[in-house]
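These notes are about the structure you will find just below.
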Amino acid sequence: MDIIDKYINELYSRLKSLNYAERQEVCEFYSEYLMDAEVESRREIEEKLGTPKQLAHKIMAEYALIEDEVPTDDWTTDKTVVKHNLRAIRLIVAGLFALPIGVPLMIALGLFLLFYLIITLIPVVINLGIFVSGFVMSFFSLQLLFTIDWPVGCFYLGLGIVTICTGILLVSYVFVVVRWMTRLLMETIKKIGNQAFRNNPWRHKNEKI
Amino acid sequence: MPIQASSELLEGVIIALLAEKDLYGYVLTKEVQSILDVSESSVYPVLRRLTKEEYLLTYDEPYQGRNRRYYQVTEAGKFQLAIIKNEWEQYKKKIDGVFENGHN
């Protein structure tokens, strides 16, 4: 009894991301399961279900995938959906660590992240560059306006303003790119998660979890 | 080497076992393991998914001062089982065809 309670308590404390009802349900299931299995030692429990940490990760990753059936067409404006996706990704990543194939998958995931980060940052940096050059041109040309070179000043002031406006116009496009890339990133992570869990969530008995 | 079960097949086996008789977690897991090569922590996620999709429903029965949660197949679950059976038949036919004739 005591060993089962201890195991279940540890499991419970590791399921923080789930709501109360879900947590209760999982723990009731495994508590009943272990009592019916008449386990006598901690080792016996862990041979069946893994450590509380491994089991919790596996459960959370599953939950993230099941609850993920939120419409993805119009989620970019909806903050809660973005939050939901982030939570899902966090759970999947946590789950991946618990798998024996975790490390190579994590490396693949890391490379993906790096790739998307670079692709996403390029337009942001270009746009920033446009703004900076526009402001620098305007600033220096303002000083020229009150000298003998005022026509040159006028020319560069105009050019500066045009540059700044171009930057403003481009902002919305940059947002589109960033949003699109973020979405692609989330879908890729979900796909990796699906590969690892949904298609083959039950591993060979002898493999640990 | 045992053949790895797909998620549809595991769902099908679970519903089929429950269609015969209502079972609780431990016994169901043991029965599934006698058919498919799956780990003990694989059954709960499927049960939860099937319950959420209303293919299964649960009820509690007291046992030695505690509860046992039994799983029961719903009408929707029986329909789903028919679909999975049909898909399995087609799959089996294709594989048998290859094994017996080399190809198609």
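Chain letters run A, B, ... following the sequence lines, proteins first, then strands; residues in each count from 1. Scope of the values below: all heavy atoms of this structure, side chains included, with no hydrogens, waters or symmetry mates.
Residue Gln143(A) qualifies as enclosed at atom CD: its count of foreign heavy atoms under 6.0 Å is above 12. Residue Glu100(B) places its CD atom among more than 12 non-hydrogen atoms of other residues, nucleotides or ligands, all under 6.0 Å distant. Summarising the local packing, OH of Tyr59(B) is surrounded by more than 12 heavy atoms from other residues, nucleotides or ligands at distances under 6.0 Å. Within 6.0 Å of CD on Glu54(B) lie no more than 12 heavy atoms contributed by other residues, nucleotides or ligands. Atom OH of Tyr156(A) is surrounded by 12 or fewer heavy atoms from other residues, nucleotides or ligands within 6.0 Å.
Closest approach of Tyr30(A) and Pro45(B) over heavy atoms only: OH-CD, 4.5 Å. Residues Lys58(A) and Ser42(B) come closest through the heavy atom pair NZ-OG, 3.6 Å.
Using a cutoff of 4.0 Å between basic side-chain nitrogens and carboxylate oxygens, Arg69(B) and Glu28(A) are scored as salt-bridged. Under the 4.0 Å criterion applied to side-chain N and carboxylate O atoms, Arg48(B) and Glu25(A) are not assigned as salt-bridge partners.
Between Glu40(B) and Leu49(A), the closest side-chain pair of non-hydrogen atoms falls below 4.5 Å. Two residues are said to be in side-chain contact when any heavy atoms from C-beta on lie closer than 4.5 Å; Val43(B) and Tyr33(A) fail this criterion.
Between atom OH of residue Tyr63(B) and atom CD of residue Glu32(A) there is a gap of 10.5 Å, rounded to the nearest 0.5 Å.
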Go through the steps for Leu47(B) and Phe29(A) under the test side chain to side chain contact (heavy atoms under 4.5 Å, CB included), then give the verdict.
-> CA-CA 10 Å; Leu47(B) 282 175; Phe29(A) 181 91; 3.7 Å; yes

Stepwise side chain to side chain contact (heavy atoms under 4.5 Å, CB included) check, Lys30(B) with Asp36(A) = CA-CA 11 Å; Lys30(B) 290 294 140 192; Asp36(A) 285 327; over 6 Å; no

